[in-house]
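Scope of the values below: all heavy atoms of this structure, side chains included, with no hydrogens, waters or symmetry mates. Chain letters run A, B, ... following the sequence lines, proteins first, then strands; residues in each count from 1.
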Amino acid sequence: MTDQEPEQTTISPDVLRVGGFEQPFTYEVSDHADELAERFADLEPGTETGQQVSIAGRLMLRRVQGKLAFGTLADSTGRIQLFAPSKTTPAFEEFCELNIGDWVGVSGEVMTTRRGELSVRVDHWTLLVPTRRSFPDKWHGISDPDTRYRQRYVDLWVTDGARKAFQTRSKMLSLLRRFLEDRGYIEVETPIFHPVAGGALARPFVTHHNALDMDMFLRIAPELYLKRLIVSGFEKVFEIGRVFRNEGISTRHNPEFTMMECYEAYSDYNAYMEMTEELVAYLAQELCGSTTITYDGREVDLSTPWRRAPVSELTSETIGEDISIETPIERLREICDQFEVPWKDSYGPGKLLLEIYEKTTEGNLWDPVFVTDYPAEVSPLSREHRDKPGLVERFEAIVVGRELCNGFTELTDPDEQRRRFFAQVEQKEAGDDEAMDVDYDYLRALEFGLPPTVGLGIGMDRLAMLLTDRATIRDVVLFPTLRPEVFSAADMQRD
RNA sequence: GCGCCUCUAGCUCAAGUGGUAGAGCAUCGGACUCUUAAUCCGCAGGUUCUGGGUUCGAGUCCCAGGGGGCGUACCA
């Protein structure tokens with residue numbers, strides 16, 4: 001931008017507010033609040049630095065006392081005080097009439113006040129745009145969660161830490177990309193419209209394409225396309241993208257959420273457990289400054305290596321009785337009843353074991369654990385365990401009682417995959433509307449040969465919650481899904 | 001889905017057992033040259049979520065509906 005307007009040094013009162021206000025097209029910013037705080041830390045009170053800077057943001061506080069005014073300007077990085085003496089501030093009267101929430105650009109000398117507060121003296125200033133609505137209470141901000149999510153553009157200014165969480169999330173994604181790219185992965189983008197919703201067990205959203213006159217599903221996982229790419233000859237791929245599941249909304253569930261999935265040829269789940277723990281420890285170190293972090297007031301030790309234990313072992317520990325998929329089905333059903341775990345006749349031993357595990361054990365695992373060796377019955381895309389019949393080479397990392405990721409050695413045998421798909425169809429017919437459909441193109445891809453491969457999926461929102469210490473997914477999703485707002489007549493008639 | 005809770009001014013909150021809806025902040029007007037949630041004086045600001053009902057009288061009690069939160073179920 002070289003064609004910046006000359007900076008406004010005089011403003012007449014009648015153009016200050018909405019009526020005759022002329023908005024500049026650009027504003028040259030040289031510095032941000034936090035950088036200045038860092039650069040000019042520890043100045044003596046009453047210092048004049050001789051350093052001219054230019055900053056911009058919203059006026060969040062204002063303290064006018066006759067011939068001298070103070071303001072607090074907030075930008076994307078933080079806040080800094082504005083110092084405006086009537087003698088040197090252009091259009092001083094108008095400056096004092098700025099409202100809380102107005103966007104202003106200010107340039108001037110960096111200095112400290114007699115009380116030692118780092119400030120920018122207002123040598124020049126420009127109204128960038130006035131706010132036409134009142135900002136929330138400058139001390140309490142917004143407390144109603146509904147208002148926070150619907151008016152995120154206000155929330156991010158007035159709620160402590162709100163912006164920071166999203167900045168951390170962004171950095172997390174950036175570090176994740178670097179981590180994978182450093183290991184030779186390439187990032188790909190696969191379809192979001194799926195003719196068959198596969199790759200996970202979940203109810204999909206349905207949409208309609210007019211020209212093709214066909215219903216399509218919004219993807220519930222990118223998995224099957226990414227494995228097609230391994231068949232295609234990409235050896236290491238990943239995708240970070242939105243997936244959509246037509247299920248309940250809660251503090252941990254948003255209908256659209258961001259999933260990272262990666263796949264690597266010639267490798268197995270042992271290697272991926274190592275990569276996963278290394279990745280998460282790395283992100284914690286970079287974002288939180290330590291591999292020991294705090295979540296919900298409690299320490300979480302993410303340092304490597306993480307404990308690894310089979311589903312059956314962890315569950316046996318909890319219930320005080322050795323159980324596995326070898327346990328007679330009658331006994332498993334009794335245990336379900338004993339722990340108030342609902343079950344159906346159609347559940348095999350594997351499904352029963354997993355249900356018992358999820359209801360009794362998963363929520364109590366705080367420090368990270370790789371839970372391994374899931375029943376094949378509940379893992380239709382995973383490869384059979386190399387020496388444990390009936391199980392698959394699958395792991396989930398459980399941290400703070402929640403599933404953080406899901407990975408497994410991939411099933412490569414097209415015949416076995418076909419059988420698993422049809423078993424899913426049977427479950428669907430038995431009333432499980434989250435069961436998978438048969439993806440015949442995927443089977444054809446497998447028939448062309450999927451080399452030994454491992455895959456991993458990590459929910460980015462859950463990971464962001466963990467690393468930013470947020471209790472609700474809505475604090476790490478900018479615009480969480482809500483019912484449409486009903487606008488008042490006053491809102492609709494504003495012009 | 002189900003259960004519990006909640007909704008009052010732009011924002012944060014008050015209004016014993018039913019009795020004229022108030023305050024702080026913000027906005028607007030005024031005072032003030034080192035404040036920092038500035039302070040001080042003043043004005044204005046309301047379909048108490050919506051619709052019914054009970055009552056002489058409803059923000060308050062009852063019914064229905066809506067928004068939201070939490071828990072639970074499904075799931076990541």
Within the pair A:Asn254 and B:rA76, is there a side-chain N or O less than 4.0 Å away from OP1 or OP2? no
Integer angstrom distance from the P of B:rG51 to that of B:rA73: 38 Å
Nearest whole angstrom, please: distance from the P of B:rA26 to the CG of A:Leu98. 15 Å
Suppose we screen for salt bridge (Lys or Arg N to Asp or Glu O under 4.0 Å). Which residues come up paired with A:Arg58, at least two apart in sequence or across chains? none
Report each atom pair, protein N/O against N/O of nucleotides 64-68 of chain B, whose distance is under 3.5 angstrom.
{"from": "B:rG67", "atom 1": "OP1", "to": "A:Arg483", "atom 2": "NE", "distance (Å)": "2.7"}
{"from": "B:rG67", "atom 1": "O3'", "to": "A:Arg150", "atom 2": "NH2", "distance (Å)": "3.2"}
{"from": "B:rG67", "atom 1": "O2'", "to": "A:Asp146", "atom 2": "OD2", "distance (Å)": "3.4"}
{"from": "B:rG68", "atom 1": "OP1", "to": "A:Arg150", "atom 2": "NH2", "distance (Å)": "3.4"}
{"from": "B:rG68", "atom 1": "OP1", "to": "A:Arg483", "atom 2": "N", "distance (Å)": "3.0"}
{"from": "B:rG68", "atom 1": "OP2", "to": "A:Arg483", "atom 2": "NH1", "distance (Å)": "3.3"}

Answer with yes or no after comparing the ring centroid distance for A:Phe238 and A:Tyr263 against a 6.0 Å cut-off, counting only values under it. no
Can you measure A:Glu261 atom CD to B:rA76 atom P for me and round it to whole angstrom units? 12 Å
OP1 or OP2 of B:rG24 sitting under 4.0 Å from any side-chain N/O of A:Lys138? no
Answer with base, sugar-phosphate or nothing: what part of the nucleic acid does A:Gln81 contact at a heavy-atom distance below 4.0 Å? base
Does the side chain of A:Arg474 pick up a donor-acceptor pair with the side chain of A:Asn254 at under 3.5 Å? no
Hey, what's the ring geometry for A:Phe395 with A:Phe370, parallel, tilted or perpendicular (30° and 60° as the breaks)? perpendicular
For A:Glu189, look at atom CD and say whether over 12 heavy atoms of other residues, nucleotides or ligands are found less than 6.0 Å away. no
Roughly how many Å apart are B:rA9 and B:rA26, using the C1' atom of each and rounding to a whole number? 11 Å
For the pair made of CD1 in A:Ile220 and P in B:rC74, what is the distance, rounded to whole Å? 17 Å
Atom CZ of A:Arg203 and atom C1' of B:rG1: how far apart are they, to the nearest Å? 10 Å
Would you find more than 12 non-hydrogen atoms of other residues, nucleotides or ligands less than 6.0 Å from A:Arg203 atom CZ? no
For the residue pair A:Arg152 / A:Thr159, report whether a side-chain donor-acceptor contact shorter than 3.5 Å exists. no
Nucleotide-resolved protein contact map, nucleotides 3-10 of chain B, B/S/- at heavy-atom distance under 4.0 Å: -------B
Looking only at side-chain N and O atoms, does A:Ser250 come under 4.0 Å of OP1 or OP2 in B:rC70? no
Do A:Glu264 and A:Tyr185 meet the criterion of a side-chain donor-acceptor pair at a distance under 3.5 Å? yes
Between A:Tyr269 and A:Phe408, is the gap from one ring center to the other below 6.0 Å? no
Could you tell me how far B:rG69 sits from B:rC49 if I compare only their C1' atoms? Round to whole Å. 16 Å
With 3.5 Å as the limit, what N/O pairs link the protein to nucleotides 30-34 of chain B?
{"from": "B:rC32", "atom 1": "N3", "to": "A:Val64", "atom 2": "O", "distance (Å)": "3.4"}
{"from": "B:rC32", "atom 1": "N3", "to": "A:Gly66", "atom 2": "N", "distance (Å)": "3.1"}
{"from": "B:rU33", "atom 1": "OP2", "to": "A:Lys67", "atom 2": "N", "distance (Å)": "3.0"}
{"from": "B:rC34", "atom 1": "OP1", "to": "A:Gln65", "atom 2": "NE2", "distance (Å)": "3.3"}
{"from": "B:rC34", "atom 1": "O2", "to": "A:Arg114", "atom 2": "N", "distance (Å)": "3.1"}
{"from": "B:rC34", "atom 1": "N3", "to": "A:Arg114", "atom 2": "N", "distance (Å)": "3.4"}

Of all the nucleotides listed (B:rA37, B:rG71, B:rU12), which has the minimum atom distance to the side chain of A:Thr251? B:rG71
Taking the nucleotide of RNA chain B with the nearest heavy atom to each, does A:Asn406 or A:Thr147 sit closer to the 5' end? A:Thr147
Over 60° means perpendicular and under 30° means parallel, so tell me whether A:Tyr225 and A:His194 are parallel, tilted or perpendicular. tilted
Counting any heavy atom closer than 4.0 Å, what does A:Asn246 reach on the DNA or RNA strands: base, sugar-phosphate only, or nothing? nothing
Between atom CG of A:Leu127 and atom CD of A:Glu94, what is the distance when rounded to the nearest 0.5 Å? 11.0 Å
A:Gln81 and A:Arg63 side chains, donor-acceptor separation under 3.5 Å: yes
Counterpart base for B:rC2, defined by Watson-Crick or G-U wobble contacts under 3.5 Å: B:rG71
Nearest to the A:Arg62 side chain among B:rA37, B:rU36, B:rU27, which nucleotide is it? B:rU27
RNA chain B contacts made by residues 334-352 of chain A, counting heavy atoms under 4.0 Å: none
Taking atom C1' in both B:rG45 and B:rU27, what distance in whole Å separates the two? 9 Å
A:Phe205 CZ to B:rA76 C1', in whole Å, measures 14 Å
Could you tell me the separation between the CD atom of A:Glu117 and the P atom of B:rU36, rounded to a whole number of Å? 11 Å
Whole angstrom is fine here: how far is it from CD1 in A:Ile80 over to C1' in B:rU36? 13 Å
With C1' as the reference atom in both, quote the distance from B:rU33 to B:rC28 in angstrom, rounded to an integer. 24 Å
A:His32: which residues meet the ring pair (Phe, Tyr, Trp, His ring centres under 6.0 Å) condition with it, sequence neighbours left out? none
Would you indicate what A:Gly141 reaches in the nucleic acid, counting non-hydrogen atoms under 4.0 angstrom: base, sugar-phosphate, or nothing? sugar-phosphate
Tell me whether the count of non-hydrogen atoms from other residues, nucleotides or ligands lying under 6.0 Å of CZ in A:Arg383 goes above 12. no
Rounded interatomic separation in angstrom, taking CZ from A:Arg79 and P from B:rU36: 16 Å
Applying the 3.5 Å cut-off to both distances, the Watson-Crick or G-U partner of B:rG45 turns out to be none
Can a donor-acceptor pair be found between the side chains of A:Tyr374 and A:Glu396 at a distance below 3.5 Å? yes
Assigned partner base of B:rC61, Watson-Crick or wobble definition, under 3.5 Å: B:rG53
What integer number of Å spans the P atoms of B:rG19 and B:rA58? 11 Å
With a 6.0 Å cut-off on ring centres, are A:Trp125 and A:Trp103 close enough? no
With rounding to the closest Å, how many angstrom separate the C1' atoms on B:rA14 and B:rC7? 15 Å
Give me the distance, rounded to whole Å, that separates B:rG22 from B:rG59 when you measure between the C1' atoms they each carry. 12 Å
